[in-house]
Number of protein chains: 4
Amino acid sequence: MAKAPNAARRSESSRRAILTATQELCGENGYRRVTVEAIAARAGVSKKTIYRWWPSKGAVVLEILDEAASITADPPDTGDLAADLHTQLTEVIGLLAPSHTSPAAGLIAEALQDPDLGRELRERVIEPRIAKFRERLRRAQQQGQLSPDADLDVALDLLYGPLYHRLAFHLGMPDPDYLDTLIAHALRSLTPPDSTN
Amino acid sequence: MAKAPNAARRSESSRRAILTATQELCGENGYRRVTVEAIAARAGVSKKTIYRWWPSKGAVVLEILDEAASITADPPDTGDLAADLHTQLTEVIGLLAPSHTSPAAGLIAEALQDPDLGRELRERVIEPRIAKFRERLRRAQQQGQLSPDADLDVALDLLYGPLYHRLAFHLGMPDPDYLDTLIAHALRSLTPPDSTN
Amino acid sequence: MAKAPNAARRSESSRRAILTATQELCGENGYRRVTVEAIAARAGVSKKTIYRWWPSKGAVVLEILDEAASITADPPDTGDLAADLHTQLTEVIGLLAPSHTSPAAGLIAEALQDPDLGRELRERVIEPRIAKFRERLRRAQQQGQLSPDADLDVALDLLYGPLYHRLAFHLGMPDPDYLDTLIAHALRSLTPPDSTN
Amino acid sequence: MAKAPNAARRSESSRRAILTATQELCGENGYRRVTVEAIAARAGVSKKTIYRWWPSKGAVVLEILDEAASITADPPDTGDLAADLHTQLTEVIGLLAPSHTSPAAGLIAEALQDPDLGRELRERVIEPRIAKFRERLRRAQQQGQLSPDADLDVALDLLYGPLYHRLAFHLGMPDPDYLDTLIAHALRSLTPPDSTN
DNA sequence: GTTTAATCGAGACGGTACGTCAGGTCTTATC
DNA sequence: GATAAGACCTGACGTACCGTCTCGATTAAAC
């Protein structure tokens, strides 16, 4: 505790400048080519200030995603499950594309090879959002739109999986029609065969 | 043209040493921490020799995967589709885990941020294998095990997707039971509702 | 003018703590490795407080020497010129050795490359002491112990010179016997050849 | 031994560029303000190349002095001892002045606080030259120009000392007349009182 | 006895340079 | 002509201090 920098005296303007510069540089050059030096230069900030508050470039980008995620509303619940899923997944697709300039895609790539960063990413950004998504699915399940014994983890894998499959191999994110097809298949497999839906 | 290295004079022993050293170093330190310098030192080879034949560390690893893929047999076809899928996906899981020392996972991570490497990876390693996998599915479709109008791309997304979803967030690869569950869901959504399977 | 610090409000305890910490750190690590940050930490003082009253580390050390010099008595005058010179030079040797932890030696080294600090050092510490030394020599001259036309600057150069010559090349300070030899030579060259001394 | 860089492959042009750049920068900014980064930039060389062959800025400057010393002829021997000393000391004065841009003065200042550098400076540059100077004095002694029992170390201290005394306090190097006076005093103290010189 | 204004501790800040590391190119000598 | 060895330029890394600055809290002078 005693070693932590004194957050009370932290300069909010520097923090903002760093986050903004990082986002801009990701957009311009792609996550991979962003360097801490360039962030510092663009933000008009010393490298020390970046390293004082974040352990690495990845942590800065993580905070960007974290902020973005905080602002984002909860998963929609209009009553139409398929439509809500479409809305939700479209938003995720928007975060991941285009993969070579998306901070999110860059961070996922780095986190793949950095367990610490991966854990941070999962705990601070992914799981909270997934939890809400799962709640949405649970509500649907309680309303009989999903099989009562459906495994919601399976649902998450079937719905999110294709996005990351395609991301991994630059296959291009699903277009709206294809996304609907994917959702339809996922839902069909999670719905009782004799359902009257 | 005159500048292209003359493959006829290429030293096979150097090539082997490089590939072996790379694979060992990936296993020991993880893809991320492997450097061309370390490969050269371990292989008893000059960096120049590596760069003469491969453009980057990623390309070396790609060749390792390529070789491994060539050796691997075609997707199994025992007649039992679910079992064959299980076999096939288990093999992929074996390639991807553990994600921090798997050359494949490392290469996917790097390719995410390097379009050229991504293209190479897709064309030389992924697509040929997927093509065979798709053939296997097509045979199943012709035998009525899948809906005649099922979209095989959807099948690929539903079957492979969960692996990459879990890879992306260090969620752990599916265990055999869960894998069966995933396969069952995928197949159910690709099978006519009135199917007697 | 309004910006000049108000000496009346100055905290004497901070001043003392800074000077003490500096002296300790010089002794422990050598002048070169002493930093303003370390002084502040050791003294329990903010860097701002140091910079408010001194322009640099060198100035702090200068004040230490200045204080020490003020305490020190005037050059001795027992009537025995050679003995008095021996006493005086021995004291200077004590200040300069051991050269890597002596604040004085460190300051001289830094002043060599910093004209401003050099001027301060000369004006505040060196010249006042040299003036008294010169007076002592003048008294000796008036008493016929030195040639009436002896150049006292030469005397200073011959007497002090060897110390700095040896300091410059880590040749070790003269031991008492050698010091006597040096003094004898200096005096001989400053004394009339037919002197009956 | 195995860890030492392979001097056989060393680039002489880089070495020259580094030494030249360093000398220029010393002359322009003074030793103190010369940085390894600036040397590298001016020489069109990477910092790595500098650190491969020298441990520090001081070592580079040391090599400059070493080279200069190698080129310089031996101490003169015209038979006129006082004149030869004058020539020799004038050359040393030329090396040390002006003290704020002279590489030699800067190096002496740094070596004062860096025992390793000090030892290198002494062994590689100072002692070889002093040895020849001492030989010159010994020849003079054998020819009866100095007292047969004169201590040549004392001679060195008396002759070189004033230069370093004045260097230490920015007192200005002796002008030719004053230098003659100093030499005359030193010689008088080293010559038998009844000498007929 | 209050004001009140400067100093104090703490330490964040923009900088400069450090010394190190790896990338990818080029040179030299060997086979 | 390909190779092993490794020097080279480039550029980024993460760190150490510099000297400046902003914050409340303290404190001594002026009211």
Side-chain angles (χ1 to χ4, degrees), chain A residues 5-15 17 33-41 43-53 55-57, chain B residues 5-11 13-14 17 33-41 43-57, chain C residues 2-11 13-15 17 33-41 43-57, chain D residues 5-11 13-15 33-41 43-53 55-57:
Chain A
N6 186 341
R9 310 212 166 189
R10 182 168 187 180
S11 158
E12 177 59 19
S13 70
S14 290
R15 184 175 158 276
R33 273 190 283 272
V34 174
T35 66
V36 175
E37 304 237 310
I39 295 171
V45 136
S46 79
K47 284 199 290 176
K48 178 79 196 208
T49 297
I50 297 178
Y51 284 114
R52 183 161 17 235
W53 302 108
S56 66
K57 165 178 81 158
Chain B
N6 182 341
R9 297 207 164 209
R10 180 168 188 180
S11 157
S13 71
S14 290
R33 274 191 281 274
V34 174
T35 66
V36 175
E37 307 238 312
I39 295 171
V45 136
S46 85
K47 287 202 288 175
K48 180 85 188 192
T49 299
I50 297 178
Y51 284 112
R52 191 174 354 251
W53 303 109
W54 295 276
S56 66
K57 166 178 79 158
Chain C
K3 292 302 182 64
N6 182 342
R9 298 198 164 209
R10 181 168 188 181
S11 158
S13 71
S14 289
R15 183 175 159 276
R33 274 191 281 273
V34 174
T35 66
V36 175
E37 307 237 309
I39 295 171
V45 135
S46 85
K47 286 201 291 175
K48 180 84 189 195
T49 299
I50 297 178
Y51 283 112
R52 191 175 353 249
W53 302 108
W54 294 276
S56 67
K57 166 177 80 158
Chain D
N6 185 342
R9 310 212 166 183
R10 182 166 187 181
S11 158
S13 71
S14 290
R15 182 175 160 278
R33 274 191 281 274
V34 174
T35 67
V36 175
E37 304 234 310
I39 296 171
V45 137
S46 79
K47 285 200 288 177
K48 178 81 194 207
T49 297
I50 297 178
Y51 284 113
R52 182 162 20 236
W53 302 108
S56 66
K57 164 179 79 158

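In what follows, chains carry the letters A, B, and so on, assigned in the order in which the sequence lines appear, proteins first and then strands, with residues in each chain numbered from 1. The basis for the numbers below is simple: all heavy atoms, side chains too, and nothing from hydrogens, waters or symmetry mates.
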Shortest non-hydrogen contact between [X] and [Y], atoms and distance:
| X | Y | result |
| --- | --- | --- |
| B:Ala40 | B:Ser46 | CB-C, 4.2 Å |
| C:Thr49 | C:Ser14 | CG2-CB, 4.5 Å |
| B:Lys57 | B:Val34 | NZ-O, 3.1 Å |
| A:Ala43 | A:Ala17 | CB-O, 3.5 Å |

Output the rounded distance in Å from [atom1] ([X]) to [atom2] ([N]).
| X | N | atom1 | atom2 | answer |
| --- | --- | --- | --- | --- |
| C:Trp54 | F:dG19 | CH2 | P | 15 Å |
| D:Ile50 | E:dA17 | CD1 | C1' | 13 Å |
| C:Glu37 | E:dG9 | CD | C1' | 15 Å |
| A:Asn6 | F:dA25 | CG | P | 13 Å |
| C:Lys48 | F:dC23 | NZ | C1' | 12 Å |
| D:Ile39 | E:dC18 | CD1 | C1' | 13 Å |

Would you say [X] places a side-chain N or O within less than 4.0 Å of OP1 or OP2 belonging to [N]?
| X | N | answer |
| --- | --- | --- |
| B:Trp53 | F:dT3 | yes |
| D:Ser14 | F:dA7 | no |
| C:Thr49 | E:dG9 | yes |
| C:Ser46 | E:dA10 | no |
| C:Arg52 | E:dC8 | yes |
| C:Arg9 | E:dC8 | no |

Contact check, side chains of C:Trp53 and C:Arg10, non-hydrogen atoms, under 4.5 Å: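 Yes, at least one pair of side-chain atoms sits under 4.5 Å.
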Using heavy atoms to find the nearest nucleotide of DNA chain F for A:Val36 and C:Ala38 separately, return the residue whose nucleotide is more 5′.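 Comparing both residues, the 5'-ward one is A:Val36.
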Please work out if A:Lys47 contacts a base, only the sugar-phosphate, or nothing of the nucleic acid, heavy-atom cut-off 4.0 Å. base
Could you check C:Ala43 against B:Ser56 and say which one's nearest nucleotide on DNA chain E is further toward the 5' end?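 Between the two, 5'-proximity favours C:Ala43.
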If you assign D:Val34 and C:Arg10 each to the DNA chain E nucleotide with the nearest heavy atom, which residue ends up on the more 5' nucleotide? C:Arg10
Among the candidates F:dC13, E:dA12, E:dA22, find the nucleotide nearest to the side-chain atoms of A:Tyr51. F:dC13
